[in-house]
Amino acid sequence: TRLDWVARKTNRNKIDFSSLGSRWLMFNQISYDSCISGISRVGPNGHMVFHNGSVIKCTSRQWLPSFEKNTISEAEKILISLIKCALEQQYTPSLGLSGGFDSRLLLAMFSNEQNAQFVTHTFGNQSDPDVRIASIITKSLGIEQHILDDPLPDVKSCVSLIRSFVAQTLMVEPVSSIVKLRYYPELRKRGRLMIDGGFGEIARRQYLNRVVRLGRSALKLRNSDRLIELMRSPHADIFCEDVLNEMKLGAHQSLEKAIDEMPSVGKIGVENFVDLFAIRTRIPPAS
């Protein structure tokens, strides 16, 4: 998962701007390709074949659900089973609680379990709306809450954290996320099992609502220009025109390849298509 380590070990340091395209121009990665030329990444359920010290084959078999129709109660049962599993561990579950819908749903389900032993943690200053809402909720329910709001480390430590974070996530997440994630080692030291509702944003279709609402015909017609327009989330304009054109071309190629590897929109429907697409592209894969 540390591309920077592999790059240093192999003395490869040329950026593959084509692969970088979707990460820089869109909301996150579209392919599992490496951003460094000459280095391959193994995506989910991936396999590599070596011969005489060289990689001769690298494949990734994407997860494909059955798309069976489920009820709300069945989804609830799955969540409850996961919560029960967490409560049975030797570590005390610590739920990341904010003012958001996902963490409040998990809190309600944890609270509904008899004799459930768990705590909550919230990142940020006491004046932050999320912290204030979480504090009101935990106080009214009598649940133990830990507010984590340490001062920012010195510049050298921040740069070290940023480098490590970017190398492992490859721009799937904004680098500002490290401000909160830096607390995770401390929670582990306290013997906490961290529970987070972060990927509920996929279930709520936060990232691809625009595609569902405005891009149905583009999906069916495989209009990559329109789809990229709907998925655009550009960063700072720091590249020259030639590099930018290479990234745009790479984003198109990555998107078309990703769609090729997806089930047909006509077969599974637009909603199922974008949900599966988000799962495959939003979550940082192991390398």
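What you see is a predicted model; the values in this text were computed from it and never measured. We count residues from 1, following the sequence as given.
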Looking only at heavy atoms, what is the nearest atom pair of [X] and [Y], with distance?
X	Y	value
R192	Y91	C-CB, 4.1 Å
I80	M109	CG1-CE, 3.4 Å
P263	L64	CG-CD1, 3.2 Å
T281	I30	CG2-O, 3.7 Å
R222	I259	NH1-CG2, 3.1 Å
H47	V42	N-CG1, 3.9 Å

Answer yes or no: is there a side-chain heavy-atom contact under 4.5 Å between [X] and [Y]?
X	Y	value
M247	S22	no
D4	Q168	no
L148	L187	yes
R205	E271	yes
S135	T122	no
L227	L219	yes
S111	I143	yes
F101	R204	yes

Treating [X] as the side-chain partner and [Y] as the backbone partner, does any N or O pair qualify as donor plus acceptor under 3.5 Å?
X	Y	answer
S19	S34	yes
R23	L170	yes
N272	I268	yes
R282	I202	no
R232	I228	no
N245	E241	yes
S254	A251	no

Can you establish whether the number of heavy atoms outside F67 located under 6.0 Å from its atom CZ is more than 12?
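Count over threshold, so yes.
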
Hey, is CD1 on I238 packed in by over 12 heavy atoms from elsewhere, all under 6.0 Å?
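More than 12 heavy atoms, drawn from other residues, nucleotides or ligands, come within 6.0 Å of this atom.
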
About how many Å separate [atom2] of [Y] and [atom1] of [X], when rounded to the nearest 0.5 Å?
X	Y	atom1	atom2	value
D102	E201	CG	CD	7.0 Å
K69	E74	NZ	CD	12.5 Å
S37	D16	OG	CG	4.5 Å
R41	Y32	CZ	OH	9.5 Å
I178	Y184	CD1	OH	10.0 Å
W24	D237	CH2	CG	9.5 Å

With hydrophobic residues grouped by side-chain heavy-atom distances under 4.5 Å, do [X] and [Y] end up in a single group?
X	Y	value
L107	V119	no
L97	L79	yes
I133	L105	yes
V274	L221	no
M26	I15	yes

What's the verdict on side-chain contact (heavy atoms from CB on, under 4.5 Å) for L161 and S164, showing C-alpha distance, side-chain angles and the deciding distance?
CA-CA 5 Å; L161 284 170; S164 174; 6.0 Å; no

Going through the checks in order, is the side-chain hydrogen bond (donor to acceptor under 3.5 Å, both in side chains) test met by S224 and E256?
CA-CA 7 Å; S224 59; E256 289 169 359; 3.2 Å; yes

Check whether the side chains of [X] and [Y] place a donor and an acceptor atom closer than 3.5 Å, and report yes or no.
X	Y	value
T138	E144	no
S18	E246	no
N125	S127	yes

Between L276 and Q62, is the side-chain contact (heavy atoms from CB on, under 4.5 Å) condition met? List the steps.
CA-CA 10 Å; L276 178 60; Q62 300 273 23; over 6 Å; no

Ring geometry between H121 and F123 (parallel below 30°, tilted from 30 to 60°, perpendicular above 60°)
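Ring orientation, 0 to 90° scale: tilted.
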
Under the side-chain contact (heavy atoms from CB on, under 4.5 Å) criterion, do F27 and L208 qualify, and how do the steps go?
CA-CA 10 Å; F27 62 87; L208 294 172; 3.6 Å; yes

[X]/[Y] ion pair, N-O < 4.0 Å:
X	Y	value
E113	K84	yes
R182	D150	no
E229	R226	yes

For V270 and V265, what are the C-alpha separation, side-chain angles and deciding distance, and is it a side-chain contact (heavy atoms from CB on, under 4.5 Å)?
CA-CA 6 Å; V270 171; V265 178; 3.8 Å; yes

